[in-house]
Amino acid sequence: EAAVTQSPRSKVAVTGGKVTLSCHQTNNHDYMYWYRQDTGHGLRLIHYSYVADSTEKGDIPDGYKASRPSQENFSLILELASLSQTAVYFCASSDGDWGNYAEQFFGPGTRLTVL
Amino acid sequence: GDSVTQTEGQVALSEEDFLTIHCNYSASGYPTLFWYVQYPGEGPQLLFRASRDKEKGSSRGFEATYDKGTTSFHLRKASVQESDSAVYYCALSAGFASALTFGSGTKVIPCLP
């Protein structure tokens, strides 16, 4: 049974439109993350959260917002989608008690295409 | 900031050949180093990790040794199989909240000998 799920699995959006990507985890983990994957760049951190109702900026936060309404749910919001945000987006969770040794558990990804 | 550099692009090799994917890192402090593997249509999953100098991580026939002197964590496997076809990512965690810094990924393509 998948512990990190994402919805939708794929989406086509129009330039300038609003997009919300959702993530749900059943691992009981405090930490959650959003990454984007682009060919040649690997995965890059957009936003993360270590507690409900609080989010932090990652390495490439421009053009993205995040929301953590509960321990289980973490959303990524593109208020004004742009062509450059076409990518695959991954959500992940980890157990904060393990510090830097913590394993991250990834969802299956959302393929976003902005036209 | 922290960074990871690994063998770029893809590596095509015959089944049963020896595989090496190079990984070098730059980080402040003492990072934990990871190898993640990603199969088509899935998210990355942990292969193994290491957190101390000279520590060897291993899983499914793959192994890597943490070398603080050369800032490296090269992935090796003695005999690659068709089932090893995937993208392999080297990554590190050194900061708050255990966020990962990934390399660019290396696609392994085993071919019939």
Contacting region of [X] [heavy-atom separation from chain A under 4.5 Å]:
X     : value
B/F34 : side chain
B/Q45 : neither
B/Q6  : neither

Look at [options] and state which one has the largest set of heavy-atom pairs under 4.5 Å with chain A.
options                     : result
B/P44, B/A99, B/S104, B/G43 : B/P44
B/A97, B/G105, B/G9, B/S51  : B/A97
B/T32, B/T101, B/L33        : B/T32

Is the backbone of [Y] close enough, under 3.5 Å, to the side chain of [X] for a donor and an acceptor to pair up by distance?
X     : Y     : value
A/Q25 : A/N27 : yes
A/S49 : A/S54 : yes
B/T71 : B/S26 : no

### Query
Looking at A/R9, A/Q37, A/R111, which makes the most heavy-atom pairs under 4.5 Å with chain B?
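Option with the greatest count: A/Q37.
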### Task
Among the options A/G58, A/S94, A/G99, A/C91, pick out the one with the most heavy-atom pairs lying under 4.5 Å from chain B.
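Most heavy-atom pairs within the cutoff with chain B belong to A/G99.
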Does any heavy atom of chain B fall under 4.5 Å from the side chain of [X], the backbone, both, or neither of them?
X      : value
A/L43  : both
A/Y101 : both
A/Y35  : side chain

### Task
State plainly whether the residues B/D67 and B/K54 are in salt-bridge range, i.e. N to O under 4.0 Å.
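Salt bridge present between B/D67 and B/K54.
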### Query
Using 4.0 Å as the upper bound for N to carboxylate O, is an ion pair formed by A/R44 and A/D38?
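Counted as a salt bridge, because a side-chain N and a carboxylate O are separated by less than 4.0 Å.
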### Query
Cut-off 3.5 Å, side chains only: do A/H29 and A/D95 have a donor facing an acceptor?
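Side chains of A/H29 and A/D95: no pair found under 3.5 Å.
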### Message
Side chains of B/E63 and B/T65 only: does a donor on one sit below 3.5 Å from an acceptor on the other?
### Response
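Side-chain D/A pair, B/E63 to B/T65: absent.
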### Query
More than 12 heavy atoms of other residues, nucleotides or ligands under 6.0 Å from CD of A/E79: is that the case?
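Enclosed: over 12 neighbouring heavy atoms sit under 6.0 Å from CD of A/E79.
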